[in-house]
There are 2 protein chains.
Amino acid sequence: MAKRPTVYDVAARAGVSIATVSFTFTQPHKVRPSTREAVEEAARALGYLPSASARGLARGKTGAIGLFSFDYYARNSGVTPDADAPFGDEANEDFRMFPLYHDEVQRGVEMECWRRGYVLMVGDTKSTSSEADIAGIAGRVDGLAVFPNTLPDEILLRISKRIPVVELSIPINNNGLHGVSVDNEGGLAALTEHLISVHGLTDIAFVGPLGFPDKEHRFSGYSRAMEAAGLAIRTVDTAPPGQLAAFARDTVAGMLAEGTLPQALACSTDEEALAYMDALAAAGVSVPGQIAVTGFDGLVAGLVNRPALTTVRQPLVELGRTGASILIDQVASPGKEPVKRQLPVKLMIRESCGCRAA
Amino acid sequence: MAKRPTVYDVAARAGVSIATVSFTFTQPHKVRPSTREAVEEAARALGYLPSASARGLARGKTGAIGLFSFDYYARNSGVTPDADAPFGDEANEDFRMFPLYHDEVQRGVEMECWRRGYVLMVGDTKSTSSEADIAGIAGRVDGLAVFPNTLPDEILLRISKRIPVVELSIPINNNGLHGVSVDNEGGLAALTEHLISVHGLTDIAFVGPLGFPDKEHRFSGYSRAMEAAGLAIRTVDTAPPGQLAAFARDTVAGMLAEGTLPQALACSTDEEALAYMDALAAAGVSVPGQIAVTGFDGLVAGLVNRPALTTVRQPLVELGRTGASILIDQVASPGKEPVKRQLPVKLMIRESCGCRAA
DNA sequence: GGGGCAAATCTATGCGCTTTAATCGCCGCG
DNA sequence: CGCGGCGATTAAAGCGCATAGATTTGCCCC
């Protein structure tokens, strides 16, 4: 690589000052057409590429939005994509079978950034992320979007003192950061309501880990609908991390043995719903024949599943877009108050609740 | 946002010079533990975030790799994701049903970047991309990865004079850029060979657009296998852009009418294969009963399809990883010659060729 | 107490660009 | 013929950090 030409080189070649070169690129109308052409010609001849670093330094803005992605696989499946795994490893076969939650959101962020003339920086949060890594990203963007539970709140707070930070999919709270969430409660309430009024079910158990704000809200929705109908709340214990499949099998077996199988399982996530459907199938219980199962998220895996999963679809792309939009707005004109936004969800009535043919 | 504190502020507060502050962050071992702590404490108290712009300027490197993504949907389906489409629009329902080609590749790039301590900048190539947009990305990264046919060669050449540029999935050629490709020819040769020797087929038609280097190579693989077996080459005309489904239907109808249906369709892409399978099904022709159909790419859509599509899987994630790896290597020590690498593909024998039960 | 040496720290400069304030050139007009 | 006024251009001062080279500090030994 030859040394990159700078404004000085272009200026020299065009016989003007560097200021004129700069103006030519940033305020073309302020420079006489003839000199503009001279500058452009010089730039072209030299293969000039303006340095974003220098520009960023001078302007105090980078024109980039950051997104902290995270290793979904490692977190959820206990499987870390092995950097050295040979291609074609069958174990990795369905690794990326479906667009995962954060892929969708990321896509939304990308779309909005592009639309508004920003570029996106994607960083990850590995378990080993040092504060330096984080600063490495935070230092080069004008705004930062993060997934919940990927970064310690304390760090986020500090970063948010300097640049706007938006949390994606975190329920509305008062942590001082911007946030976008979805209507977790309303979604599961609507779903539960559907099971009750359309299918006439009364013994509906909620499946899901509590302790996470979004799951709590889903539970609230479930409870609200049940109570409104005068039905009894019933919950299923939560699987330990990484043990979902086995736990679901055991749980189903237990219920079967005790004859306590509910009429429906309202799961807090599609992932759980799918695991329970597998467990039920393995135990010879028909879904939705003998029991209805519903999820939450709207993963494609649920759509492809047979019976197709009745669930609540989250507007994932929209989530990302909204988050990016908030950031970009804040960059332009920082507001005093954190912006919190909640997006509507959508009931996806498919087969596993008993609607349509299974 | 309060003014961002700088090294000067930190230095002042810690009672040291800015050089020491800088060292504390970049070469911690060169600074005495006691002063290091003082600096860190000051930085923390001030909420200091190093400016990547300034750092990049001073170092002459940005620590970022760029990826020019592109609007796959608009290109392939004629559908532009509408920024203003309301969430829940059914038309968008299966929009993101499966991880698309470039999502996979992008994931690979991300993984390698993270592994090597780089961050990724994602930019897009909209039809409206001006040279300025491109420079906007090229100017802020140390290396650039691009998908084929997204940027004019002339521009790529110019950029590559300053920073390494790698083309993803472009067959080996001599355009002076770095490149990663897959074994298109070997893949389709193996697939064709499978149809010939395992299934004993002799009338196998190649389906696919020529004129694209990768497709040409696939055709070569097909031809090679056919000729080696002493069989006749046969091709099916190519569908005009965006007309795939209709064209496939017409083609199938035509063959049926003329009684010229081959024993197998070796398609150059999964997308074509799926379209032909739909067309065949619509025409009442059984796959693989009456005709075998194969693809190329390894899309998930083919895996979920019934019968599951026999195809050649491209190592998409690996493609991205390799590309990023080349870039990062080149940043570290620029080589004189462009690096070209070809990755192996993998035959995925599933149902549509007649293997296993359909 | 002083000399010598390595480690620690600091001084000073430059990285490439933006931007403000000042200068230049030119025209029309009194 | 000179002056005001205006648009085009430029000089110069940073922006925040890294780093070579200068300087100081700390420490050991005589």
Side-chain angles (χ1 to χ4, degrees), chain A residues 1-40 42-43 46-63 132 135-136 138-142 162-163, chain B residues 1-40 42-43 46-63 132 135-136 138-142 162-163:
Chain A
M1 300 307 124
K3 181 184 167 306
R4 293 170 62 144
T6 72
V7 273
Y8 294 96
D9 302 314
V10 175
R13 184 175 171 125
V16 298
S17 78
I18 62 165
T20 301
V21 174
S22 180
F23 282 139
T24 305
F25 288 106
T26 57
Q27 341 232 356
H29 61 280
K30 303 201 95 185
V31 64
R32 199 188 320 165
S34 63
T35 73
R36 186 195 316 161
E37 270 166 38
V39 171
E40 281 168 352
L46 262 32
Y48 170 71
L49 277 183
S51 152
S53 294
R55 180 169 292 176
L57 218 211
R59 287 216 264 242
K61 300 219 171 293
T62 66
R140 60 177 93 223
V141 299
D142 293 335
R162 307 299 159 207
I163 57 176
Chain B
M1 299 305 126
K3 180 183 168 305
R4 293 169 63 143
T6 72
V7 274
Y8 296 95
D9 303 314
V10 176
R13 184 175 173 123
V16 298
S17 78
I18 64 162
T20 301
V21 174
S22 182
F23 280 139
T24 306
F25 288 106
T26 57
Q27 344 232 355
H29 61 281
K30 302 201 99 187
V31 63
R32 201 188 321 168
S34 62
T35 73
R36 185 193 318 162
E37 270 166 38
V39 171
E40 282 167 352
L46 262 32
Y48 169 71
L49 277 183
S51 151
S53 294
R55 180 170 290 177
L57 220 210
R59 284 216 266 242
K61 301 218 169 293
T62 65
R140 62 177 93 223
V141 299
D142 293 336
R162 309 297 158 209
I163 58 176

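Hydrogens, waters and symmetry mates play no part in the numbers below; they use all other heavy atoms, side chains included.
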**Student:** Return the OG1 to CD distance between B:Thr35 and B:Glu40, rounded to the nearest 0.5 Å.
**Tutor:** 9.5 Å

**Student:** Enumerate the salt bridge (Lys or Arg N to Asp or Glu O under 4.0 Å) contacts for residues 14-23 of chain B, please, sequence neighbours excluded, ordered by first and then second residue.
**Tutor:**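 Sorted pair list comes back empty.
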
**Student:** Not counting sequence neighbours, which residues clear salt bridge (Lys or Arg N to Asp or Glu O under 4.0 Å) with B:Arg36? List them please.
**Tutor:** none

**Student:** Quantify the bending of the helix from C:dG1-D:dC30 to C:dG30-D:dC1 as the angle between its end axes, each fitted on five pairs, to 10°.
**Tutor:**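 The helix from C:dG1-D:dC30 to C:dG30-D:dC1 shows an end-to-end axis angle of 60°.
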
**Student:** For A:Ala52, check side-chain contact (heavy atoms from CB on, under 4.5 Å) against everything at least two apart and list the hits.
**Tutor:**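 Result, side-chain contact (heavy atoms from CB on, under 4.5 Å) vs A:Ala52: B:Arg140.
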
**Student:** Does B:Ser51 have any side chain to side chain donor-acceptor pair (under 3.5 Å) partners at least two apart in sequence or in another chain, and if so, which?
**Tutor:**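 Partners of B:Ser51 by the side chain to side chain donor-acceptor pair (under 3.5 Å) criterion come out as none, since no residue qualifies.
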
**Student:** Once each nucleotide of nucleotides 13-27 of chain D is scored for protein heavy atoms under 4.0 Å, what B/S/- sequence comes out, 5' to 3'?
**Tutor:** -BBBBBB--------

**Student:** Show me, pair by pair, the donor-acceptor contacts under 3.5 angstrom made by side chains of residues 20-29 of chain B, not counting sequence neighbours?
**Tutor:**
unit_1	atom_1	unit_2	atom_2	d
B:Thr24	OG1	B:Thr20	O	2.6
B:Thr26	OG1	B:Ser22	O	3.0

**Student:** Please, which pairs that meet salt bridge (Lys or Arg N to Asp or Glu O under 4.0 Å) have at least one residue in residues 14-33 of chain B, sequence neighbours excluded?
**Tutor:**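 Qualifying pairs: none.
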
**Student:** Identify the 5'-most and 3'-most nucleotides of DNA chain C with at least one atom closer than 4.0 Å to a non-hydrogen atom of chain B.
**Tutor:**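 The contacted stretch runs from C:dA8 to C:dG16.
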
**Student:** Considering residues at least two apart in sequence or located in another chain, which fulfil the side-chain contact (heavy atoms from CB on, under 4.5 Å) criterion with B:Leu46?
**Tutor:** B:Pro5, B:Asp9, B:Val10, B:Arg13

**Student:** Could you tell me which residues satisfy side-chain contact (heavy atoms from CB on, under 4.5 Å) with B:Ala14, sequence neighbours excluded, listed by chain and number?
**Tutor:**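 With sequence neighbours excluded, B:Ala14 shows a side-chain contact (heavy atoms from CB on, under 4.5 Å) to B:Val16, B:Val39, B:Ala42, given in chain and number order.
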
**Student:** Using every non-hydrogen atom in the two residues, find where B:Ile163 and A:Arg4 come nearest and quote the distance to one decimal.
**Tutor:** CG2-NH1, 3.8 Å

